[in-house]
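Before any comments, here is the structure.
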Amino acid sequence: MESDFQGDEHRQHAVVIGAGVVGVCTAYALALRGIRVTVVESASEEACGCSFANAGRFCPTRLVATTTQPAKSFRESFDSLFPSGFGNYTFTDRLKFVHWGLFFMRYSDDSTFRRQRAMQNLARRAILSTENTMIAAGITGPDIDRKEGNLWVYSDKECMLADSLPKHVFAAQIGVRAPELMSRAESTLRFPNSMTRGIETGAFVGCTYVPDDWTADARKFTAAIRAAAEKTGLVNFMFNTTVLRVYSSRANSTEVLVRQGTTRYGRPITVEPPEPTEPTSQAPEVLSTDTVVICGGLASTALVNSMQLPIIPMRGCSVEIDGITSGMPEVAMSMEGSSNFLQATPLSESRMRLTGYAEFTPLPSSMDLAPETLCATDATEQQDVTCSFVTRAPKHASTHDATTDRHNTLLKGAMRVLPLQQGTLAGESNTSGFVVSNVWTGYRPMTPDMLPIVGRIRSERGKVYVNAGHGTMGWTLAAATADMIADDVASNGETPVCKDLAPERFELHRLLFPFRTS
């Protein structure tokens, strides 16, 4: 079966692969420029991967950390990467990590000024594009549980000074209000729920308040952007559809081979797991289009034919708790230091999300992301018989390891530093206090230089773009990189994405001769 979505001969058409926050923003940005779009997604709805249950921080000032801390974070992660060496991983996994590591070493020491300039431009674009996108879509703060401000809390003075000073400089460079460095007394007076217990127990030594950062529910934002995109009449979503191949068989056209009827669970927040939907056996379908934009997160690497994109997974976890009656933080908190790494995001008066962990984890072959497996978090639903919430665990991870230990650590860490009433932990019977409404484990797509890969892949036949590798900054950068792609597509290459983000920076010969920007 062959479908042609070209429409009239004067209107461009694009296929966007992936319906996370990056993919949906890209589709909407293209539609705003008059381009017809078909979005292909293997899940049953939008935002079922890393956009589903992340910390929800919109923090452009955080981009400065990429210029100052990549090598440190990599060294600290290495022991958790391979606690028993490379013996537990396949040969393919080792090659992928070596390929990524070579570029990491190349760019961690290469042209700090280049990286800083790219970060400044990206942060400015993120602020402008996100606000413009929300205005165009008619999204207001209450629609997405938006809360102003972000509190960076530190467990040791060395970490506080190392992290807060670059934020002050970076804020001035991108034109936002300066972060406020607070002592223990100042922080407890202004943010009593957030800081008092941590100060009393010695867990916190101080904090930095960033007034122009904010938090929101990225899943609600993605759903709102999808609704706005559909209202344009130019965007069509194909859910439960996997991408088998992207290729070009004729001039001025690119084909996307898809198969419909492959269903994954969406919105895994109910107490009882949904009934599985039997996949329907359908013949592959060919979507002929002018342009393809790959926004598939980790799976993007399997859909690019002409080069190996150095994107590896970084595992993270989150826990959503409800029924909080006391101790809710006044603003979102990010706790960092030698002994803490925890983020607490208030989503409503009684609901909060806890996120943490940043573990570089090469995927075993059983979860290797081939084109048949499009989404970054191909997951199974399992019911924990000792706890009344649904676990969302990767296939290759045991329920105990992925959902019990890590998620309980997040819960206990929050109760240690916040004045929360005792609540229900995984594996425990219900007690008075908050309850766990959802837990999640997912894999963020990380690049060696911590910058996303955005732009046209020149070595591909046809017009193939990639917009992936945003790591922990997908929510912050989604609208910005979407606008970059849309501007390039709409202008037929007259406004290309900057070279600092281009896929070509990861061509193999760049290891010896990294390109320089003018």
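- Across all their heavy atoms, L477 and A126 have their closest contact at CD2-CB, 4.1 Å.
- A donor-acceptor contact closer than 3.5 angstrom is absent between the side chains of S129 and N132.
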*Worked verdict on I485 versus V454 for side chain to side chain contact (heavy atoms under 4.5 Å, CB included)*: CA-CA 7 Å; I485 292 287; V454 185; 3.7 Å; yes
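- Side-chain atoms of C50 and W475, non-hydrogen and from C-beta on, never get closer than 4.5 Å to each other.
- Among all heavy-atom pairs drawn from A43 and E41, the shortest one is N-OE2, 2.9 Å.
- With sequence neighbours excluded, the residues forming a side-chain hydrogen bond (donor to acceptor under 3.5 Å, both in side chains) with T481 are N467, H470, listed by chain and number.
- A donor-acceptor pair under 3.5 Å links the side-chain atoms of R505 to the main chain of A502, judged by distance alone.
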_Assess the residue pair T495 and D488 against the criterion (side chain to side chain donor-acceptor pair (under 3.5 Å)); give the C-alpha distance rounded to whole Å, side-chain angles, the decisive distance to 0.1 Å, and a yes or no._
CA-CA 5 Å; T495 57; D488 192 359; 5.1 Å; no
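- Closest non-hydrogen pair, C317 versus T441, comes out as SG-OG1, 3.8 Å.
- Ion pairing between D145 and K220 holds under the 4.0 Å rule for side-chain N and carboxylate O.
- How far CG of N236 is from CD of E230: 8.0 Å, rounded to the nearest 0.5 Å.
- At a threshold of 4.5 Å between non-hydrogen side-chain atoms, the residues P452 and L122 count as touching.
- Ring geometry for F103 against H99 counts as perpendicular: the plane angle is over 60°, on a 0 to 90° scale with 30° as the lower cut.
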*Take V436 and L411 through the test side chain to side chain contact (heavy atoms under 4.5 Å, CB included) and record every step on the way to the result.*
CA-CA 9 Å; V436 174; L411 287 166; 3.8 Å; yes
*Does the side chain to side chain contact (heavy atoms under 4.5 Å, CB included) test come out yes or no for R461 and Y247, once each step is laid out?*
CA-CA 7 Å; R461 294 184 60 186; Y247 63 97; over 6 Å; no
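- Partners of S306 by side-chain hydrogen bond (donor to acceptor under 3.5 Å, both in side chains), not counting sequence neighbours, listed by chain and number: S459, E460.
- In this structure, L287 CG and I17 CD1 are separated by 9.0 Å, a value rounded to the nearest 0.5 Å.
- Here the shortest heavy-atom pairing between F239 and E45 reads CE2-C, 3.3 Å.
- Partners of R146 by side-chain hydrogen bond (donor to acceptor under 3.5 Å, both in side chains), not counting sequence neighbours, listed by chain and number: E131, E148.
- Atom CD of E255 sits about 9.0 Å away from atom OG1 of T289, to the nearest 0.5 Å.
- Using a 4.5 Å heavy-atom threshold, the side chains of L244 and V258 count as separate.
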*Let me see the working for V16 and V40 under side chain to side chain contact (heavy atoms under 4.5 Å, CB included), right down to the final yes or no.*
CA-CA 6 Å; V16 173; V40 182; over 6 Å; no
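- The shortest side-chain heavy-atom distance between I453 and T447 falls under the 4.5 Å cut-off.
- Atom OG of S318 and atom CG of L354 lie 8.5 Å apart (nearest 0.5 Å).
- T345 OG1 to E320 CD: the interatomic distance, rounded to the nearest 0.5 Å, is 10.0 Å.
- Within the 4.5 Å cutoff, side-chain heavy atoms of I457 are placed close to those of V304.
- Residues satisfying the salt bridge (Lys or Arg N to Asp or Glu O under 4.0 Å) criterion with D487, sequence neighbours excluded, are R33, R125.
- The closest side-chain donor-acceptor pair between S437 and D322, if any, does not fall under 3.5 angstrom.
- Between V37 and A31, the shortest heavy-atom contact is CG2-N, 4.2 Å.
- Residues I139 and I225 have side chains in contact (heavy-atom distance under 4.5 Å, counting atoms from C-beta outward).
- Side-chain contact of Q343 with R57: a donor-acceptor pair under 3.5 Å is present, judged by distance alone.
- When only modelled atom types and interatomic distance are considered, T291 and H13 share no side-chain donor-acceptor pair under 3.5 Å.
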_R259 vs E285, test: salt bridge (charged side-chain N to carboxylate O under 4.0 Å, His left out). Steps then yes/no._
CA-CA 6 Å; R259 177 181 288 120; E285 179 179 355; over 6 Å; no
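- One finds the CD1 atom of I127 at 10.0 Å from the OG1 atom of T476 (value rounded to the nearest 0.5 Å).
- Partner of F52 under the side-chain contact (heavy atoms from CB on, under 4.5 Å) criterion, out of V21, T222, N438: N438 alone.
- With sequence neighbours left out, Y28 forms a ring pair (Phe, Tyr, Trp, His ring centres under 6.0 Å) with no residue at all.
- Scanning for ring pair (Phe, Tyr, Trp, His ring centres under 6.0 Å) contacts around F58 gives W214, with sequence neighbours left out.
- Using modelled atom types, one side-chain atom of W100 and one backbone atom of M446 make a donor-acceptor pair closer than 3.5 Å.
- The nearest pair of heavy atoms linking G297 to I311 is O-CD1, 4.4 Å.
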